[in-house]
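Within every chain, numbering begins at 1; the chains are lettered A, B, ... in the order of the sequence lines, protein sequences first and strands thereafter. If you're wondering where the values come from, they're calculated on a predicted model, not measured in any experiment.
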Amino acid sequence: MNPVNYLYLAALLFTIGATGVLIRRNVIVVFMCIELMLNACNLAFVAFSRLHGNLDGQIIAFFTMVVAAAEVVVGLAIIVSLFRSRHSASVDDASLMKL
Amino acid sequence: MENLIALLVAAPLLGAAVLLCGGRRLDRVGHWLGTLLSAASFVIGLALFTDMLGKGAEERSLHQHLFSWIPVEGFKADVAFQLDQLSMTFVLLISGVGTLIHLYSIGYMEHDERRRRFFGYLNLFLAAMLLLVLADNYLLLYVGWEGVGLASYLLIGFWQHKPSAATAAKKAFLVNRVGDMGLSIAIMLMFTTFGTFAFGPVLEATGETSEGKLTAIGLMLLLAACGKSAQVPLQSWLGDAMEGPTPVSALIHAATMVTAGVYLIVRSGAIFNGAPDAQLAVTVVGAVTLLFGAIVGCAKDDIKKALAGSTMSQIGYMILAAGLGPIGYVFAIMHLVTHGFFKAGLFLGAGSVMHGMNDEVDMRKYGGLRKYMPVTFVTFGLGYLAIIGFPGLSGFFSKDKIIEAAFAKGGTEGWILGSVALLGAAITAYYMTRVMLLTFFGEKRWQPDAQGELPHPHESPKSMTIPMILLAVGSVFAGGFFSIGDRFMHWLEPVTHHDHGDSPLSAATVTGATMVVLVIGVSLAWVQYGRRPVPVVAPRGSLLTRAARRDLLQDDFNHVVLVRGGEHLTRSLVYVDHTLVDGVVNGTAASVGGLSGRLRKLQNGYARSYAVSMFGGAAVLIVATLLMRAV
């Protein structure tokens, strides 16, 4: 199967993720959309790795996974404490950082 | 011997430091200490003088390098002294007359509780003036120049409790500042032109310098001389400076400091010789001032102000002579020395009269004093004969030479300058006779003072009369002594050089003409003030008299042109500052403020809107990168 198709898929997934980040208000969904974007990137890296015939992209994909795992831990912790203090999971409710 | 030069300056400087920092403990001996240190300076000067006389004319210049003041790459300022014949003349005049006036002040300032401070200032003045004439470069001369300005300011305002004295001091300081600016610009020009400001290299290099540059330097030096020597247009401070104690008027505003401008021009002779336009300006300033001062002197009823007008006028003669170039340098200095004697003597005499007359200064309230103050009368009279140029006395020789030199300049210029100098001699005879007649002759016109007491004129104490007698001796004999065999000319020639010029008139004709105008001046004054009784209250007088009483409207002129003009200038500058400068600054601030107010709205706290800008930015970057690739 042509590796370029994987790139199309990656672009599609990334766009879905980005759109989700921009339009959804539920913080859990936004978080999942971010994960989707990260994994779209991983897919693109692996596809490039295959296209160019070397392992650089695959190694980067591993790095991304590690970072994503760490991010999930921190992000979920923030979401939980946010929900505890504000009793809401809407990103728009947490808009205190403004002038 | 050259190691002694620094001591000339150090002695009075030490006196000033001790007297001004010593406190009240020194009140009882302070005046003697000051006089002693001034005398020490004179004695050292005499020792150096005798040593100098023992040498050949070309080896007489001594040089002492004390220390490097500002040693920087490409800029070298040294504290070094140069003692040649010109400096020597000044050293003897300054320390000699200075010592006599210190002695006089002991009696004159006896009842003043700040006498110690007064002597401290006098010593400070001597140190600064000696530094001025001994410096071997223009920068060190400038230090002395400012020093005498400071001492003059302090001494004019010595009786600072009188508002008039405080104002006069401030005025003298400010007007002098204009001249000082000229000197500092001249020194900067010298440095850029010659790369140095030591006398030797600068004056030797004038031959290879363009006339334009020399003219610029010369005019700036002239401005400096105008300020310090009270020449038109910076003359207005000298009359008011008479608010100071009389010994100060005698020492600083008659004999020494005000002649610093003449010294500067004669010392910079090589520069002026290469710049005929600057020389012409000098002679014009001298000629105008000699008439200006003389006319003012005719109208003043205040004895010191009349003498101040006369000082201005006599310095006008010196500046005129200095502007004539090598024809006149020697005579400028010779007149300076003889003037130092007789004018200091006249001022001390005026001080003695005031001392006896309860500090009255209006000559219309004197009259008939010759019987009561015989010593003052005789010494003042000899000074009077000297200044009007009575045959055989000092002024006769020195002023006559200047008039001759003015004619010797040649051409129309020579005729004009010579005639002005002759006219000045007539007016000098007139106003000095007037002073003499009003003060010592006629009937008594004494008026009770503020306490209602009639004055009891009496002869002044010994400490005051002795200096007056010594100065009178100088006024009688100095001119003749200098002129026998052209002694003074030969003495100064190695420094100033001399040129006889080409006179259209013989020396005898000039002398004859001088005598004629002298007689005319004296008789006019006698007709007006000797033959008729003098009214105690001055009559209204003609337009010219009234103008002359107001110093020929110099202050009104300064007020209208400079003060008002300055006010208008500052007002318009303030307006420009408010509208233009502040407008630009405030406008910039306001527009930045408005812009940031709008930008602030972008930070609304919604994470999703930040995400939009992030994605938008990334999209723009990607599109831009792709476009760049495509191009």
Side-chain angles (χ1 to χ4, degrees), chain A residues 4 7-8 10-42 44-45 47-48 64 67-68 71-72 74-83 85-99, chain B residues 72 563-631:
Chain A
V4 178
L7 290 181
Y8 289 136
L12 185 67
L13 287 174
F14 188 89
T15 312
I16 293 169
T19 316
V21 169
L22 293 182
I23 64 174
R24 294 303 297 264
R25 292 205 178 87
N26 190 318
V27 67
I28 302 286
V29 177
V30 170
F31 199 64
M32 290 194 309
C33 287
I34 292 173
E35 292 300 317
L36 194 59
M37 283 156 73
L38 283 168
N39 285 309
C41 292
N42 275 351
F45 273 128
F48 280 126
T64 314
V67 173
E71 183 235 334
V72 167
V74 177
L76 279 177
I78 293 173
I79 291 168
V80 169
S81 64
L82 189 72
F83 187 79
S85 64
R86 305 194 73 81
H87 303 291
S88 136
S90 167
V91 282
D92 287 359
D93 283 346
S95 64
L96 294 176
M97 295 287 279
K98 65 181 170 196
L99 286 169
Chain B
V72 184
V563 178
R564 287 277 172 74
E567 275 172 1
H568 280 301
L569 184 68
T570 47
R571 223 173 280 149
S572 41
L573 283 179
V574 166
Y575 178 75
V576 169
D577 187 48
H578 274 311
T579 50
L580 198 70
V581 179
D582 284 8
V584 169
V585 172
N586 292 343
T588 313
S591 51
V592 169
L595 193 64
S596 51
R598 270 185 211 126
L599 278 175
R600 199 181 65 174
K601 300 223 170 85
L602 288 179
Q603 195 182 357
N604 51 14
Y606 293 111
R608 293 188 305 143
S609 96
Y610 301 157
V612 169
S613 51
M614 213 163 84
F615 283 123
V620 168
L621 278 179
I622 288 167
V623 170
T625 316
L626 289 179
L627 278 179
M628 293 304 284
R629 285 256 180 96
V631 172

- line: Expected contact set for residues 609-616 of chain B against chain A at heavy-atom separation under 4.5 Å reads B:Y610, B:A611, B:V612, B:F615

Toward chain B: residues of residues 15-26 of chain A with heavy atoms under 4.5 Å: A:A18, A:V21, A:L22, A:I23, A:R24, A:R25

message: Quick check: under 4.5 Å, non-hydrogen atoms only, which of residues 570-591 of chain B neighbour chain A?
response: none

- request: Considering only heavy atoms, give the residues of residues 87-95 of chain A separated from chain B by less than 4.5 Å, sorted numerically, with 'none' for an empty result.
  value: A:V91, A:D92, A:A94, A:S95

